[in-house]
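Each chain gets a letter, A, B and so on, in the order its sequence line appears, and its residues count up from 1.
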Amino acid sequence: MKKEPEKGLPRLEGAEGGVVMRFAPNPNGPPTIGSARGIIINSEYVKRYGGRFLLRFDDTDPVNKRPMPEAYGWYLEDCQWLGAVPDEVIVASDRLPLYYEIAEELIWRGGAYVCRCDQAAFKALKDAAAACPHRGQSPQENNALWREMIEGSLGPGEAVLRVKTDIVHKDPALRDWAAFRIVTTPHPRAGDKYRVWPLLDFESAVEDHLLGVTHILRGKDLMDSERRQRYLYDHMGWEYPTTIHWGRIKIHQFGSFSTSALRRALEAGEYSGWDDARMPTVRALRRRGIRPEALRKFMVELGVGETDISISMDSVYAENRKIVDPMAKRRFFVKDPHPLEIDGDVPEVAKAPFHPTLDLGLREIPAGPRVLVSADDLSDLKVGGSLRLKDLCNIEVVATAPLRARAIGTDPHQAKEMRLRIIHWAPPAGVPVRVMRPDGVDAGIGEAGIREDEGKVVQFERYGFVRIDSVSGDEVVAYFAHR
RNA sequence: GCUCCGGUAGUGUAGUCCGGCCAAUCAUUCCGGCCUUUCGAGCCGAAGACCCGGGUUCAAAUCCCGGCCGGAGCACCA
């Protein structure tokens, strides 16, 4: 029996009655392209089956992956921009009392114990599949020690609460994992209100149950996490949600990156900000003029396979081009401008269409006997050679250095008959433009009308699509999207 | 060392659970050609893959075993 081919995302097991799904980042930086995948796929399933999409901040490490206060808002902004407004926002660091309650119940149920081994000692025992001396403590003893952890008579490193699993489990990764540890470093949000913080496996597992999450999408690297968490669910008599794993994602254009590494590079001054054109963040893509629909389409087509994948931004760019091409005005931008003197009849003003196929009207560009052409086109400007300046006139080059030509007509049909190469140009009185690209910065002169396009995505003809980021008194800054 | 997961064209992806419709889907990329006053868009065409070896079967991308390759976990990180 064969099924019809699925298009888009694969069916979710048991989702027919609606789903509750969450995206659960640590806000230690802004959302990256990888985060976008989580945001988009989770919210896409909720759209498809109905239900609730939750945004939960797993911000329970004040030290190693210290949350950034600004990042909470960034996630909200980027979710909204991606068309995934959460139905509810949960912040783990606001909810420690809830976790304490459950921890206590777990202790009384005999599912957890306070371990006072030092880290290395416990690891040695664990690797030998041997129980530590504290494993046999009674619930009463454990509860007393747990109180000491919370009340402060035990210091960091002196005790952790462990969930009992199977100390002889063949996979060492699953043996008696730590659920809480003592941290006295103040939390960016909670300050020094708490000194006992849950670890991911406890916090995430408990929240998923509390929130009624039905389906969890997470990285393959967290497969063991699930197996660990199931012990907790068994102790508590809870039912574990359905899980789906996906492989690691690597992007050709950005290589491997981690939020922590990006943060260090940023702090070292290597980037202008989290929305630097070179950054693999959602905000950087937005600034460059990538449309959210392009990202959604791309992510849905990627699917949710367990294979580790290495993707290229080319596919995102292709999707984006389809969206942006029909609406982007055309503009002239000349990179590395060189002056060109033209003898003869050159129109004082060029009238050029804003779009090659759509009727978006015409723009007027001041021209005259002196224009600028790009250094990239110099190789086509040889003495005796002729070409067409797009929307202006046809010329024959009479000299290089300095560059000089004579006008040989304005008719585009003539150019066509002569099979002239067509290049673009800019007026000397144009506006200086800087283009911030993932691979560097281009500078040049653009037609003055670009000043009207602030915030818009336009196409610099024969150069690529850009978003006009800012227009100041004497300069325009554009962010490069793609060709 | 122990444990877990994966391997379909350059890159992704469908098909794998329930073997035959798969001489293998779609997208992107690349290469030709057409069209176009942009090196953009559009149109047409082409190239390109089941990791390897055994086994089961009338029949294997699909099931089984072994190998190889890749990724991950074994944190008081997420």
On RNA chain B, check which nucleotide each of A:Leu389 and A:Phe298 is closest to and give me the residue with the more 5' one.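 Here A:Phe298 is the residue nearer the 5' end.
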Most 5' of A:Gln119 and A:Arg330 on RNA chain B, judged by nearest nucleotide: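 Looking at the nearest nucleotide for each, A:Arg330 comes out on the 5' side.
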[X] near the nucleic acid: base, sugar-phosphate alone, or nothing, with a heavy-atom cut-off under 4.0 Å?
X	value
A:Gly157	base
A:Phe465	sugar-phosphate
A:Cys393	nothing
A:His252	sugar-phosphate
A:Asp411	nothing
A:Ala318	sugar-phosphate
A:Leu200	base

Nucleotide forming a Watson-Crick or wobble pair with [N], both distances under 3.5 Å:
N	result
B:G32	B:C44
B:A27	B:U11
B:C74	B:G1
B:C63	B:G55
B:G6	B:C69

Nucleotide nearest [X] (side chain, heavy atoms from C-beta), chosen from [options]:
X	options	answer
A:Asn64	B:G6, B:C77, B:U29	B:C77
A:Thr60	B:U37, B:A78, B:G40	B:A78
A:Ser315	B:U37, B:U28, B:A78	B:U28
A:Ile309	B:C76, B:U13, B:U37	B:U13
A:Asp61	B:A78, B:G40, B:C76	B:A78
A:Ala178	B:C76, B:G73, B:U37	B:C76
A:Thr307	B:U37, B:C76, B:U8	B:U8
A:Arg248	B:U38, B:C4, B:G71	B:G71
A:Pro172	B:U3, B:U29, B:U8	B:U3
A:Asp221	B:C76, B:G71, B:A78	B:A78

Rounded to whole Å, how long is the line connecting atom [atom1] of [X] with atom [atom2] of [N]?
X	N	atom1	atom2	answer
A:Ile423	B:U38	CD1	P	13 Å
A:Asp127	B:G73	CG	C1'	13 Å
A:Phe480	B:G40	CZ	P	12 Å
A:Asn26	B:C77	CG	P	12 Å
A:Lys220	B:G71	NZ	P	10 Å
A:Asp58	B:A78	CG	P	8 Å
A:Asp171	B:A75	CG	P	11 Å
A:Leu222	B:G71	CG	C1'	14 Å

Using the [atom1] atom as the point on both nucleotides, what is the distance between [M] and [N], in whole Å?
N	M	atom1	result
B:A27	B:C18	C1'	28 Å
B:G42	B:C51	P	33 Å
B:G70	B:G32	C1'	36 Å
B:A14	B:G7	P	10 Å
B:G40	B:C50	P	32 Å
B:U62	B:A24	C1'	12 Å
B:A9	B:G15	C1'	15 Å
B:C17	B:A78	P	39 Å

Please state whether the phosphate of [N], meaning OP1 or OP2, lies under 4.0 angstrom from any side-chain nitrogen or oxygen of [X].
X	N	result
A:Arg175	B:C74	no
A:Arg421	B:U38	no
A:Lys170	B:C4	yes
A:Ser312	B:U29	no
A:Arg181	B:C77	yes
A:Lys126	B:A75	yes
A:Lys416	B:U36	yes
A:Arg228	B:U3	no

Pair [X]-[Y], side-chain donor/acceptor within less than 3.5 Å:
X	Y	answer
A:Arg56	A:Ser204	yes
A:Asp208	A:Tyr240	no
A:Asn320	A:Arg291	no
A:Tyr231	A:Asp166	no
A:Glu207	A:Tyr99	yes

Between the side chain of A:Tyr100 and the main-chain N/O of A:Val196, is any donor-acceptor distance below 3.5 Å?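 Side chain of A:Tyr100 to backbone of A:Val196, a donor-acceptor pair under 3.5 Å: yes, one is there.
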Does A:Asp59 form a side chain to side chain contact (heavy atoms under 4.5 Å, CB included) with A:Val91? I'd like the steps, not just the answer. CA-CA 7 Å; A:Asp59 59 344; A:Val91 180; 3.4 Å; yes
Between the base of B:U37 and the side chain of A:Asp391, is one N or O donor paired with an acceptor at under 3.5 angstrom?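 Looking at the base of B:U37, it does pair with a donor or acceptor on the side chain of A:Asp391 (distance under 3.5 Å).
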Using only heavy-atom distances, decide whether a donor-acceptor pair under 3.5 angstrom links the side-chain of A:Gln459 to the base of B:U38.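 Flag set: donor-acceptor pair detected.
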Do the ring centers of A:Phe202 and A:Trp177 come within less than 6.0 Å of each other?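 Between A:Trp177 and A:Phe202, which both carry aromatic rings, the centre distance is not below 6.0 Å.
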Hey, is CG on A:Asp411 packed in by over 12 heavy atoms from elsewhere, all under 6.0 Å?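 Atom CG in A:Asp411 is crowded, with more than 12 foreign heavy atoms closer than 6.0 Å.
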Would you mind telling me which of A:Lys329, A:Arg331, A:Arg363 makes a salt bridge (Lys or Arg N to Asp or Glu O under 4.0 Å) with A:Glu461?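 Going through the options one by one, the only one that passes is A:Arg363.
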